[in-house]
Asks: 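Handing you a structure now.
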Amino acid sequence: MIVETEAYIGEDDPACHAAPGPTRRNAPLYGPPGLAYVYLNYGIHYLVNAVTEAEGHPAAVLIRALQPVEGLALMQTRRAPDGHHIDDDDLCRGPGNLTRALGIMLTDNLLDLTSSNLVVEDRGLTGGKVAWGSRIGIRVGVEKPWRCWVEGHPSVSGAKARRRT
DNA sequence: GAATGGATTGTCT
DNA sequence: GACAATCCATTCA
């Protein structure tokens with residue numbers, strides 16, 4: 001269950017990958033909505049976006065955090081091959097962590113999110129309040145309030161959200 | 001053909 | 001709170 005997302009909209013958004021104009025890397029953003037846009041970040045983490053329709057502008061929604069519902073054991077294995085325990089709430093907390101838990105890689109780029117091995121289902125709001133605020137981890141375009149998350153959800157990323165033991 | 005810089009995370013101080 | 005790990009598309013010569 002998706003609990004945290006960020007929007008990246010148009011070439012005028014300096015933080016959007018489409019900011020430099022069409023390139024081979026960001027081509028998915030210009031494609032039809034409903035496709036997955038996966039890319040490698042910091043040379044280490046794969047991040048997954050859902051390409052959206054934004055009135056002709058290249059745009060996508062970054063999936064930043066999930067509440068795991070099924071396949072918890074498999075997620076544990078992927079996140080921690082050495083077997084150390086990861087709290088359920090932390091399995092998919094953060095954009096890099098969730099792709100690792102789900103096994104999403106560069107080969108999943110351009111998958112159809114409506115009819116492939118990687119799908120997003122609309123099950124409506126299942127509880128909690130939706131909060132909006134600044135996007136995280138970017139150096140430009142911070143002023144745009146295009147991050148939204150389930151308020152108080154334990155799987156939402158960000159330093160402030162990390163619980164102390 | 002070589003240099004550059006991240007939509008992050010985990011570890012160390 | 002600071003910083004290293006790590007790779008590929010872009011940019012510049």
Side-chain angles (χ1 to χ4, degrees), chain A residues 2-31 33-54 57-68 72 74-111 113 118 120 130-150 153-165:
Chain A
I2 299 174
V3 298
E4 183 187 1
T5 62
E6 283 177 1
Y8 291 85
I9 307 173
E11 297 177 352
D12 292 336
D13 176 3
C16 183
H17 279 189
T23 64
R24 175 172 171 173
R25 180 207 198 191
N26 66 25
L29 299 178
Y30 294 82
L35 298 187
Y37 170 45
V38 181
Y39 73 97
L40 183 64
N41 177 35
Y42 286 92
I44 304 176
H45 308 287
Y46 297 110
L47 272 56
V48 61
N49 298 247
V51 176
T52 64
E53 181 58 63
H57 296 286
V61 172
L62 171 69
I63 312 299
R64 289 192 56 90
L66 310 173
Q67 173 186 314
L72 281 281
L74 181 54
M75 291 181 183
Q76 281 283 351
T77 304
R78 288 180 175 138
R79 284 293 312 280
D82 61 347
H84 81 266
H85 179 74
I86 298 178
D87 196 66
D88 288 351
D89 292 332
D90 293 335
L91 281 175
C92 301
R93 180 172 136 270
N97 286 334
L98 80 87
T99 54
R100 191 141 53 105
L102 297 183
I104 293 174
M105 293 175 294
L106 221 47
T107 51
D108 297 313
N109 194 25
L110 295 175
L111 284 183
L113 291 175
L118 182 62
V120 176
V130 175
W132 289 83
S134 299
R135 294 175 293 184
I136 291 179
I138 53 177
R139 308 170 93 101
V140 289
V142 184
E143 73 284 356
K144 299 182 187 303
W146 289 349
R147 170 174 179 250
C148 79
W149 65 97
V150 177
H153 195 285
S155 292
V156 171
S157 67
K160 304 282 166 43
R162 182 183 283 269
R163 299 184 314 273
R164 315 205 7 132
T165 52

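Proteins come first, then strands; the chains are lettered A, B, ... in the order of their sequence lines, and each starts at number 1.
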Asks: Taking all non-hydrogen atoms of both residues, which atom of A:P68 and which atom of A:L72 are closest, and how far apart?
Replies: CB-CD1, 3.8 Å

Asks: Looking across every strand, which nucleic acid part, if any, lies under 4.0 Å from A:R79 by heavy atom: base, sugar-phosphate, or nothing?
Replies: sugar-phosphate

Asks: Please check this pair: side chain of A:S155 against backbone of A:R93, looking for a donor-acceptor N/O pair closer than 3.5 Å.
Replies: no

Asks: Looking at every heavy atom in both A:G10 and A:H57, which two are closest together, and how far apart are they?
Replies: CA-CB, 4.1 Å

Asks: First locate atom CG of A:L111, then atom CG of A:L113, and finally report the distance between them rounded to the nearest 0.5 Å.
Replies: 7.5 Å

Asks: Give, for atom OH of A:Y37 and atom CG of A:N26, the distance between the pair rounded to the nearest 0.5 Å.
Replies: 6.0 Å

Asks: A:Y8 OH to B:dG6 C1': how many Å, rounded?
Replies: 11 Å

Asks: May I ask whether A:Y42 stacks on the base of C:dA5, given the cut-offs of 5.5 Å between ring centres and 30° between planes?
Replies: no

Asks: Does a side-chain N or O from A:R139 land closer than 4.0 Å to OP1 or OP2 of B:dG5, or not?
Replies: no

Asks: Output the rounded distance in Å from CD1 (A:I63) to C1' (B:dT8).
Replies: 16 Å

Asks: A:Y39 OH to B:dG5 C1': how many Å, rounded?
Replies: 12 Å

Asks: Please report, rounded to the nearest Å, how far the P atom of C:dT6 is from the CE atom of A:M105.
Replies: 18 Å

Asks: Looking at every non-hydrogen atom in both residues, tell me the closest pair between A:M75 and A:A101 and how far apart they are.
Replies: CG-O, 3.6 Å

Asks: Taking atom P of B:dA7 as reference, at what distance in whole Å does atom OH of A:Y37 sit?
Replies: 10 Å

Asks: Identify the heavy atoms of A:V51 and A:G31 that sit nearest to each other, and give their distance.
Replies: CG1-O, 4.0 Å

Asks: Calculate the interatomic distance between A:R100 atom CZ and C:dT6 atom C1'; express it in whole Å.
Replies: 14 Å

Asks: Roughly how far apart, to the nearest Å, are B:dG10 and C:dC8 at atom C1'?
Replies: 22 Å

Asks: Stem finding on DNA chain C, please: runs of three or more consecutive Watson-Crick or G-U wobble pairs, both distances under 3.5 Å, sorted by first number.
Replies: B:1-6 with C:7-12, B:8-12 with C:1-5

Asks: Looking at A:L91, is its backbone amide N or carbonyl O close enough to the side chain of A:R79 to form a donor-acceptor pair, meaning the two atoms are under 3.5 Å apart?
Replies: yes

Asks: Test A:L98 against every option in A:L47, A:I2, A:V48 by the side-chain contact (heavy atoms from CB on, under 4.5 Å) rule and name the one that passes.
Replies: A:V48

Asks: Using a 4.0 Å heavy-atom cut-off, write out nucleotides 8-13 of chain C from 5' to 3' as B (base contacted by protein), S (sugar-phosphate only) or - (no contact).
Replies: -SS---

Asks: Just checking A:N97: base, sugar-phosphate only, or nothing, at a heavy-atom cut-off of under 4.0 Å?
Replies: sugar-phosphate

Asks: Just call it for A:I138: base, sugar-phosphate, or nothing, with non-hydrogen atoms closer than 4.0 Å on any strand.
Replies: sugar-phosphate

Asks: For the pair made of CG in A:N49 and P in B:dA7, what is the distance, rounded to whole Å?
Replies: 11 Å

Asks: Which atom names give the shortest non-hydrogen contact between A:C16 and A:L29, and what distance separates them?
Replies: SG-CD1, 4.2 Å

Asks: How is A:R64 classified with respect to the nucleic acid when contacts are heavy atoms under 4.0 Å: base, sugar-phosphate, or nothing?
Replies: sugar-phosphate

Asks: To the nearest Å, how far apart are A:L47 CG and C:dC7 P?
Replies: 16 Å

Asks: Are OP1 or OP2 of B:dA7 and a side-chain N or O of A:H45 less than 4.0 angstrom apart?
Replies: no

